There are 2 protein chains.
Amino acid sequence: MGTHYRGPPEEVRALDVYIKLVRAAESLVAKVSRHVETFGLTVSQFGVLEALHHLGALCQNALGRKLLRTGGNITLVVDNLEKAGLVARERQKTDRRFITVNLTPRGRDLIAEVFPGVVEIIVKEMAPLSPAEQERLGLLCRKLGLGTNDKEVRNVS
Amino acid sequence: MGTHYRGPPEEVRALDVYIKLVRAAESLVAKVSRHVETFGLTVSQFGVLEALHHLGALCQNALGRKLLRTGGNITLVVDNLEKAGLVARERQKTDRRFITVNLTPRGRDLIAEVFPGVVEIIVKEMAPLSPAEQERLGLLCRKLGLGTNDKEVRNVS
DNA sequence: GAAAAATAGTTTAATATTAAATTATTCCAG
DNA sequence: CTGGAATAATTTAATATTAAACTATTTTTC
């Protein structure tokens, strides 16, 4: 048993859980990252493509809200996706403040190709847990007050 | 119930859990981040300071392994901490490839000041879960094969 | 002992992430 | 109708993160 932090049991426990949770998450994301990078994508780019794939065209603002990222970051990630020819931007006619982001045919093909592998990896990484344990884990994470509402459930990133 | 991804139940479940886990982790880290930044630190800088605080002086290599970050990244984070006068680097006499990173008195004082607040936040964020649930969450995260061994348990970052 | 291999740390390049400031557009109050 | 407020997107600056290439030092091989 380590001797690093000594404090009340509830503190030690909370820190313990925090570390395990963050480590688990980082490790899973790293595995997904390694997969998508074989298709020349970063996790963030994958996240945008995946959101567009499942939800259809979205304005940048909506992308940012869905992916929990700032506007400036969305601009950068979408810039790079646009450069790669995977998405196209279109300023809305009715309200020119909004820019709609669409998958290009190439983008559509790519995400359709990449996504199943991501699913496979996630299923594989979850395999050490039984279905009931997975459900339990999901519930506990959600109970932390951090869960997603239903319409965000299957958005991988 | 969302209609975004349709697939076999085990796939839907795994994705569901993945998202919740990653979201939970990101949210917790964001809260810790907001706290440490009131002391002028980033989460990564805090991670280094905290490791040095609890484990004593470490070479950069060891820091990287402990924090699961690359050498290049450690160099950058430690560069910035050194610039801020919170750590000092010292090339080892016995093997000049190694650089030992030490907390300066200022760094020591700062981490001693910051750390309790971080603990408080984490305890508070874990509060929606009972002690048993917290233990359970920790076990499930660890069961994903991603747990930390004992000597890493109380290293917050 | 000399050269090759291994290892620690740094540099480089590309991408990400945030907050804050800025620009452009639309909405709202008077 | 006009000016101010609100909102979407971009820019700027600072920091982070990785992989790959590079430099310096030590270890290993022959």
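FYI, side chains are in, hydrogens and waters are out, and symmetry mates aren't considered; it's all heavy atoms of this structure. It should be emphasised that the depicted structure is a prediction, and the values quoted were computed from it without experimental measurement. Naming: A, B, ... by sequence-line order, numbering from 1 per chain.
Taking the side chain to side chain donor-acceptor pair (under 3.5 Å) definition, one finds that B:Lys83 meets it with B:Asn80, sequence neighbours left out. For A:Glu82, the side chain to side chain donor-acceptor pair (under 3.5 Å) test picks out A:Arg89, with sequence neighbours left out. Under the ring-ring contact (aromatic ring centres under 6.0 Å, His included) criterion, A:His53 pairs with no residue at all, not counting sequence neighbours. Remark: A:Asp95 engages A:Arg97 in a side chain to side chain donor-acceptor pair (under 3.5 Å) (not counting sequence neighbours). Under the rule for a side chain to side chain donor-acceptor pair (under 3.5 Å), the partners of A:Thr100 that lie at least two apart in sequence or sit in another chain are A:Gln92. Residues that satisfy the side chain to side chain contact (heavy atoms under 4.5 Å, CB included) test with B:Thr70, not counting sequence neighbours, are B:Asn73. Here A:Ala62 pairs with A:Leu58, A:Cys59, A:Arg65 under the side chain to side chain contact (heavy atoms under 4.5 Å, CB included) rule; sequence neighbours left out. With sequence neighbours left out, B:Glu26 forms a salt bridge (charged side-chain N to carboxylate O under 4.0 Å, His left out) with A:Arg69. Partners of B:Ile121 by side chain to side chain contact (heavy atoms under 4.5 Å, CB included), not counting sequence neighbours, listed by chain and number: B:Lys31, B:His35, B:Glu125.
Within residues 91-100 of chain A, the residues approaching DNA chain D are A:Arg97, A:Phe98, A:Ile99, by heavy-atom distance under 4.0 Å.
At a threshold of 4.0 angstrom between heavy atoms, the contacts of B:Thr42 are confined to the sugar-phosphate backbone, with no base atom among them. Residue A:Asn80 is in sugar-phosphate contact alone, with no base atom involved, counting any heavy-atom pair closer than 4.0 Å across all strands shown.
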Between the protein and nucleotides 1-5 of chain D, which nitrogen or oxygen pairs come in under 3.5 angstrom?
none

Protein and nucleotides 18-22 of chain C: nitrogen or oxygen contacts under 3.5 angstrom:
from: C:dT18; atom 1: OP2; to: A:Thr70; atom 2: N; distance (Å): 3.2
from: C:dT18; atom 1: OP2; to: A:Thr70; atom 2: OG1; distance (Å): 3.2

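In this structure, the nucleotide among C:dT17, D:dA16, C:dT11 sitting nearest to the side chain of B:Thr75 is C:dT11.
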